[in-house]
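By convention in this document, chain letters (A, B, ...) are assigned in the order of the sequence lines, proteins followed by strands, and residues within each chain are numbered from 1.
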4 protein chains.
Amino acid sequence: MSNKKNKVIEAATKLFAEKGFENTSMANICLEANVSKGLVYHHFKSKESILIEIFTNVTDKMIEMNAKSKSSQEPKLQLVQLIETIFYQLECDKTFFQLNLNIMFQPTTRQILKEQIEKRASILLNSVKNIFDQISLEKSTLLSYVFIAEIDGISLNYLTVFDEYPLDMIKQELINKYIHF
Amino acid sequence: MSNKKNKVIEAATKLFAEKGFENTSMANICLEANVSKGLVYHHFKSKESILIEIFTNVTDKMIEMNAKSKSSQEPKLQLVQLIETIFYQLECDKTFFQLNLNIMFQPTTRQILKEQIEKRASILLNSVKNIFDQISLEKSTLLSYVFIAEIDGISLNYLTVFDEYPLDMIKQELINKYIHF
Amino acid sequence: MSNKKNKVIEAATKLFAEKGFENTSMANICLEANVSKGLVYHHFKSKESILIEIFTNVTDKMIEMNAKSKSSQEPKLQLVQLIETIFYQLECDKTFFQLNLNIMFQPTTRQILKEQIEKRASILLNSVKNIFDQISLEKSTLLSYVFIAEIDGISLNYLTVFDEYPLDMIKQELINKYIHF
Amino acid sequence: MSNKKNKVIEAATKLFAEKGFENTSMANICLEANVSKGLVYHHFKSKESILIEIFTNVTDKMIEMNAKSKSSQEPKLQLVQLIETIFYQLECDKTFFQLNLNIMFQPTTRQILKEQIEKRASILLNSVKNIFDQISLEKSTLLSYVFIAEIDGISLNYLTVFDEYPLDMIKQELINKYIHF
DNA sequence: CATGAATGAGCTTTCATTCAT
DNA sequence: CATGAATGAAAGCTCATTCAT
């Protein structure tokens with residue numbers, strides 16, 4: 001992939017996260033990436049398609065990571081490790097999670113990425129369910145939904161609701177819950 | 001308050017929820033409310049100020065409801081009742097919750113309503129903490145954050161992540177958790 | 001004339017002078033005069049007509065003053081007195097002179113007040129020529145034009161060209177010129 | 001510089017002079033220049049900036065001409081030549097002088113171009129004073145102000161006050177004054 | 001006399017996109 | 001690959017004016 005195309009993707013990711021998709025103009029992206037409009041339209045057929053490519057890249061990484069992570073540990077420890085991983089990334093890449101949230105809740109962008117959003121959700125659900133299947137086949141679906149809701153709720157509150165959020169304490173509480181399951 | 005101003009607020013609320021703030025034009029609002037552009041700008045100084053007025057109205061209602069709801073029931077039952085109320089409203093007014101989410105995650109609108117968002121969050125936290133104080137003074141803050149994360153996570157998953165979400169089952173699971181606390 | 005109508009005229013005069021006719025809106029005038037739009041349109045048929053009334057009032061005063069000032073003094077002293085009067089007013093009412101200038105040079109307003117502007121010019125020319133007729137019947141027209149040009153040029157430079165203008169010195173130079181004519 | 005940008009400048013100059021800055025819309029300019037609105041905003045960041053560029057171009061030309069015109073003639077002849085040049089241009093480019101006047105008297109445009117207007121005034125004053133210094137060092141400043149006032153007054157009367165102005169006769173009178181100085 | 005809700009045309013400006021070079 | 005001039009639709013907003021009360 002050409003160097004300049006990457007610069008465009010990076011610039012767009014940054015700006016979409018900072019200002020939102022609708023408030024980022026092609027001109028903004030060109031300026032940030034230091035390329036011309038013509039070049040952007042050489043690599044991408046539209047502004048939407050930049051968004052799609054950014055989102056797809058991440059989905060692909062998620063699938064890849066998911067494939068690798070088939071651990072043979074005890075299920076409770078797998079849950080703990082999953083929690084640790086997610087919260088680690090949440091802290092490392094706040095902006096990126098924020099971008100994903102605003103894409104998912106903005107009706108327009110949501111519509112554009114509907115299929116991918118659903119795909120991601122089902123990957124995550126399956127991945128979590130695989131773990132809970134080892135704990136309780138009967139309640140595994142319900143437990144998975146609850147687990148995901150907890151993760152999403154904490155992320156959401158951390159990222160956009162509370163100014164000073166005791167993330168570590170709450171993470172610990174969650175780990176405690178599942179380690180004594 | 002004049003009839004037409006209300007029509008504008010209703011139209012704007014509907015469209016902001018359906019299409020997002022940035023994708024709703026003043027022309028759209030005028031068409032939906034069946035009024036002229038001039039009239040909208042006679043009542044509101046800008047598009048932003050419509051959003052602010054909508055959001056403020058709801059915040060005010062929240063404060064009012066909060067003041068009224070000081071129940072003298074057993075704390076566990078208060079939690080159950082709170083859960084029931086929130087999920088009832090979630091199902092009744094899906095669009096409105098969606099509007100709130102997309103406002104909170106869109107950087108621009110978030111900035112505009114920063115103060116109000118924080119105000120709302122602290123009202124909710126206090127309100128929940130008042131209940132948990134009666135259960136465990138020591139852990140009440142932590143428990144409140146967890147409770148709110150659970151509610152928010154479920155709402156988020158119901159509204160925007162999963163196409164077919166077993167909301168009732170999950171609500172029941174949550175009620176079970178807190179009734180046996 | 002009603003009190004409120006006067007307030008409108010005063011407000012409009014002030015704002016037209018400060019911001020120019022085109023940059024003053026009816027809403028601005030209403031706010032400044034503390035009256036409603038309906039009232040302004042009760043007294044004036046349009047924004048233009050306010051301008052016309054302001055300008056006409058001044059023209060009428062000029063005519064009146066001109067009628068009174070038929071002095072029987074020596075012509076040179078009449079010139080000196082005219083110079084003194086004009087410069088006195090220039091210093092007293094800078095804003096008002098500025099208003100007149102910008103009305104006269106803005107093509108739109110100029111067109112509206114074309115006839116009055118010409119009327120004023122001819123009154124002034126006649127008035128000055130009457131004095132110069134007593135000095136030199138032959139050259140009186142030319143001398144009048146020169147005199148008016150001198151007055152206008154000095155006013156213009158004082159009001160809008162130079163930041164620190166030695167008005168008094170120049171006035172004295174002019175008086176010297178005509179007293180030794 | 002691109003051909004179309006020049007067309008925009010020409011169109012804007014013409015229309016600003018004919019109708020005034022405030023009464024000329026971007027749509028007017030586009031129509032006159034036969035270009036799209038987008039193109040105008042590609043070359044100029046705002047309507048104001050068109051005005052600034054027009055004005056700056058002229059100021060630059062003035063400075064350039066001023067630099068070249070250091071003549072070694074007798075001072076009185078230099079004055080005569082300056083008068084001839086100014087009146088020649090005044091007759092050639094009536095519209096352009098009118099544009100300058102209405103920019104200088106319209107409070108808004110005046111504010112925008114405040115610095116340039118002052119710059120121009122000081123260039124002209126210096127240029128004239130250099131000549132009068134050779135006639136009378138003592139009175140050169142005063143004489144310069146008077147000279148400029150005469151020129152400006154005559155221009156103003158010619159351009160906007162009197163319908164039939166004996167420009168040539170008055171120019172001759174002025175030349176006579178300074179040739180017999 | 002007096003108010004201010006209401007209109008609709010028009011304003012400046014932005015923007016995704018195209019295309020000749 | 002790469003540029004940036006050029007387009008035209010649509011955005012947010014202003015404003016003189018009207019009219020029911």
Side-chain angles (χ1 to χ4, degrees), chain A residues 2-5 7-8 21-31 33-50, chain B residues 1-5 7-8 21-30 33-50, chain C residues 2-5 7-8 21-31 33-50, chain D residues 1-5 7-8 21-30 33-50:
Chain A
S2 92
N3 186 24
K4 296 230 177 165
K5 183 172 178 184
K7 270 168 74 183
V8 173
F21 177 75
E22 325 283 359
N23 292 300
T24 301
S25 71
M26 283 304 224
N28 290 156
I29 296 171
C30 292
L31 210 70
N34 212 24
V35 298
S36 69
K37 284 186 185 178
L39 186 59
V40 174
Y41 278 92
H42 177 76
H43 287 298
F44 302 92
K45 96 173 210 299
S46 68
K47 190 179 157 191
E48 271 189 19
S49 78
I50 302 180
Chain B
M1 204 191 315
S2 94
N3 184 25
K4 296 231 176 163
K5 183 175 178 182
K7 270 169 74 183
V8 172
F21 176 74
E22 325 281 5
N23 292 298
T24 301
S25 73
M26 284 306 229
N28 292 155
I29 296 172
C30 293
N34 210 27
V35 298
S36 67
K37 281 186 192 178
L39 197 264
V40 175
Y41 279 92
H42 179 72
H43 288 297
F44 302 92
K45 89 176 216 300
S46 67
K47 190 179 156 191
E48 267 190 24
S49 79
I50 303 180
Chain C
S2 94
N3 185 24
K4 296 228 176 167
K5 184 173 178 183
K7 271 168 73 183
V8 173
F21 176 74
E22 325 283 357
N23 292 300
T24 301
S25 70
M26 284 303 221
N28 290 155
I29 296 172
C30 292
L31 211 69
N34 211 26
V35 298
S36 68
K37 284 186 184 179
L39 186 61
V40 173
Y41 277 91
H42 176 77
H43 288 298
F44 302 92
K45 98 174 211 295
S46 68
K47 192 179 156 191
E48 270 189 20
S49 78
I50 302 180
Chain D
M1 201 189 320
S2 94
N3 184 25
K4 296 229 178 168
K5 184 174 176 182
K7 270 169 75 183
V8 173
F21 176 75
E22 328 278 86
N23 292 299
T24 301
S25 74
M26 283 306 227
N28 293 154
I29 295 172
C30 293
N34 210 26
V35 298
S36 66
K37 283 183 190 180
L39 196 265
V40 175
Y41 279 91
H42 179 71
H43 288 297
F44 303 91
K45 88 177 218 299
S46 66
K47 189 179 156 191
E48 266 190 22
S49 78
I50 303 180

For atom CD of Glu48(D) and atom P of dC11(E), their distance in whole Å: 17 Å

Atom pair distance, as rounded to whole Å: CE in Met26(A) and P in dT3(F): 15 Å

Gap between atoms CG and P, on Leu31(A) and dT3(F) respectively (whole Å): 13 Å

Gap between atom CG of Leu39(A) and atom NZ of Lys5(A) - 0.5 Å precision: 10.5 Å

Among dT3(F), dC1(E), dT13(E), the one nearest His43(C) by side-chain distance: dC1(E)

Spatial distance of atom OG (Ser46(A)) from atom CD1 (Ile50(A)) [nearest 0.5 Å]: 7.5 Å

Separation of dG12(F) P from Phe44(B) CZ (nearest whole Å): 15 Å

Shortest non-hydrogen contact from Ala33(A) toward Lys7(A): O-CE, 3.1 Å

Nucleotide dT3(F), atom P - distance to CG of Asn34(A) in whole Å: 8 Å

Residue whose nearest DNA chain F nucleotide is more 5′ - Ser25(B) or Ser36(D): Ser36(D)

Shortest non-hydrogen contact from Lys4(C) toward Val35(C): CD-CG1, 3.8 Å

Side chain to side chain, Glu22(A) and Phe21(B), heavy atoms closer than 4.5 Å: no

Interface polar pairs with nucleotides 19-21 of chain E, N/O, under 3.5 angstrom:
none

Test side chain to side chain contact (heavy atoms under 4.5 Å, CB included) applied to Val8(C) and His43(C), step by step: CA-CA 9 Å; Val8(C) 173; His43(C) 288 298; 5.6 Å; no

5′-ward residue of the pair Ser46(C)/Leu39(D) relative to DNA chain F: Leu39(D)

Residue-phosphate contact under 4.0 Å: Lys4(B) side-chain N/O, dT7(E) OP1/OP2: yes

Asn23(B) CG - dA10(F) P separation (whole Å): 14 Å

Side-chain touch Ile29(B)/Met26(B), heavy atoms, less than 4.5 angstrom: yes

Watson-Crick and G-U pairing of DNA chain F, under 3.5 Å, as dot-bracket with | and [ ]: .||||||||||||||||||||

Position toward the 5' end of DNA chain E (nearest nucleotide), Glu22(D) or Val35(C): Val35(C)

Sugar-phosphate, base or nothing in reach of Ser49(A), heavy atoms under 4.0 Å: nothing

Whole angstrom value for the distance that separates P of dT17(E) from CD1 of Ile29(A): 10 Å

Between dA9(F) (P) and His42(D) (NE2): distance, integer Å: 20 Å

